[in-house]
Amino acid sequence: MRGCVIDEPKKVFVAGHRGLVGSALVHKLNEKGFTNLVMRARSELDLRDAADVDAFMAEERPEIVMLAAATVGGIKANNDFPVEFLLDNLQIQNNVIRASHESGVDKLLFLGSSCIYPKFATQPIPESALLTGALEPTNEAYAIAKITGIKLCQAYARQYGAKFISAMPTNLYGPNDNFDLASSHVLPALLRKAHEAKCSGAEKIIVWGSGRVRREFLHVDDLAEACLYLVQNYDSPEIINVGCGEDISIRELAELICDVVGYHGKLAWDATKPDGTPRKLLDISKLQQLGWKPRISLRQGIAHTYEWFLAQSAPG
Ligand code: GFB
């Protein structure tokens, strides 16, 4: 119709759309009217393969790339498999970032992690703490890969003026998380342990480490909203933290999870397992100044994740 221009939704490639972050991004993009999404399962496209990624990007030519594909895991998986955490992540991000530049992508969002910051960074951790001290050894491989991804995005921005931005999320949780006890993060692990102990009538659950270390947890739906907000409102190559601004000890987290699940047994501490970083609370003032804030409280978010977990494990 003449005189009536209807903007087509931008074509967005969500890399890693089946994971915790990618699935939340797809949901949020659909909700906000971005219906032109490109996605590929790992069986269809191995992002570690440069030639396949090049061919895919040349054919699809997305305008926006949200890079949520990564090899991820909790403290034990990170500690046990440094080769995969370093190599897979370097390959995935190198391929996707380079192919995005070469295929003319307008905007790319790279997702890092709060573990890029030094083990003993000042708290809350400002973006300026990057590369000011030694990393936490249990996740050094993953952190080095993520730091390299940030630097590659910044290099494309400096050399070619690319709008490749990098967000640093704090510890995330929510639907589609990994609940495997050997490789998961603490929150899904404790949710599962408390649920199984409640069902079996066990008198205690095992919690790793001392319980004294502190972590900040952000529901993945809040992260997804922040990511979209950044894609629409942030162009700087400087990294930006995404968190909720509050942290909690692992003991308090375990107690909260047991309360939400309705498990009334004891907590037993396994001191043979590592504590990791003593504290990891992000300074989110930069994001707040941009006008974004999280909406989901930790208790609400755990309850929502538990509902999802129960629905997955329900027969039929
Ligand atoms: O979530 P998590 O595995 O990773 O562990 P990080 C956080 C804390 O919870 C550690 C304790 O002190 C764990 O010892 N914890 C207690 C448990 N019980 C459990 C349990 O049953 N399972 C697990 N997994 N932990 C990760 C990094 O560090 O954070 C990644 O390894 C990434 O690279 C991610 O950056 C955000 O918070 O210590």
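Read the numbers this way: they start at 1 and go in the same order the structure lists the ligands and their atoms. Quick note: numbers below take in every heavy atom, side chains included, and nothing from hydrogens, waters or symmetry partners. The first residue in the sequence is number 1, and the count goes up from there.
The residue from Ile250, Leu187, Thr170, Ile205 that puts a heavy atom closest to atom 8 (C) of ligand 1 is Ile250.
Within the 3.5 Å criterion, the main-chain N or O of Val38 finds no donor-acceptor partner in the side chain of Glu60. The backbone N or O of Gly245 lies less than 3.5 Å from a partner atom in the side chain of Glu216, making a donor-acceptor pair.
Counting only heavy atoms of the protein, atom 36 (C) of ligand 1 lies nearest to Asn171 OD1, 3.3 Å. Nearest protein heavy-atom neighbour of atom 31 (O) of ligand 1: Asn78 ND2, 3.0 Å. Among all protein heavy atoms, the one lying closest to atom 10 (C) of ligand 1 is Asp275 O, 3.4 Å. Nearest to atom 14 (O) of ligand 1 among the protein's heavy atoms is Pro274 O, 2.7 Å. When only non-hydrogen protein atoms are considered, atom 34 (C) of ligand 1 lies nearest to His185 NE2, 3.3 Å. The protein atom (non-hydrogen) at minimum distance from atom 27 (C) of ligand 1 is Asn139 ND2, 3.2 Å.
The proximity of Ala254 to ligand 1, defined as any non-hydrogen pair under 4.0 Å, does not occur for either the backbone or the side chain. Only the side chain of Lys280 comes within 4.0 Å of ligand 1, counting heavy atoms alone; its backbone N, CA, C and O stay farther away. Residue contacts with ligand 1 for Arg215 involve side-chain atoms from C-beta outward but no N, CA, C or O (heavy atoms, distance under 4.0 Å). Contacts of Ile75 with ligand 1, taken as heavy-atom pairs under 4.0 Å, involve both backbone and side chain. Contact annotation: for Val186 versus ligand 1, heavy atoms closer than 4.0 Å belong to both the backbone and the side chain. Heavy atoms of Lys193 found under 4.0 angstrom from ligand 1 belong exclusively to the side chain. Looking at Trp208 against ligand 1, both its backbone and its side chain come within 4.0 Å, counting heavy atoms. The part of Ser184 lying near ligand 1 is the backbone, judged by heavy-atom distances below 4.0 Å.
Taking every heavy atom of Gly74 and a limit of under 4.0 angstrom, the matching atoms of ligand 1 come to 3 (O), 31 (O). Counting the atoms of ligand 1 from 1 in the order shown, those under 4.0 Å from a heavy atom of Val213 are 12 (O). Distances below 4.0 Å separate heavy atoms of Val207 from the following atoms of ligand 1: 16 (C), 18 (N). For ligand 1, the atoms closer than 4.0 angstrom to any heavy atom of Cys115 are 33 (O), 35 (O). The ligand atoms of ligand 1 that sit less than 4.0 angstrom from a heavy atom of Ala189 are 20 (C), 21 (O), 22 (N).
Put simply, the side chain of Ile97 reaches to within 4.5 Å of the side chain of Cys153, judged on heavy atoms. By the 4.5 Å heavy-atom criterion applied to side chains, Leu29 and Met66 are counted as neighbours.
Other residues, nucleotides and ligands place more than 12 heavy atoms under 6.0 Å from the NZ atom of Lys273. Around the NZ atom of Lys11, the shell of radius 6.0 Å holds more than 12 heavy atoms that belong to other residues, nucleotides or ligands.
The shortest N or O to N or O distance between Thr277 and ligand 1 is not under 3.5 Å.
Classified by interplanar angle (parallel below 30°, tilted 30° to 60°, perpendicular above 60°), the ring pair His101/Tyr156 is tilted.
In this model, a donor atom of one side chain and an acceptor atom of the other lie less than 3.5 Å apart for Ser183 and Asn178.
In summary, of the residues considered (Phe309, Tyr173, Tyr306), a ring pair (Phe, Tyr, Trp, His ring centres under 6.0 Å) with Phe179 occurs for Phe309 alone.
Side-chain contacts under 4.5 Å among hydrophobic residues (ILVMFWY), followed directly or transitively, place Phe85 together with Val72, Phe81, Tyr142.
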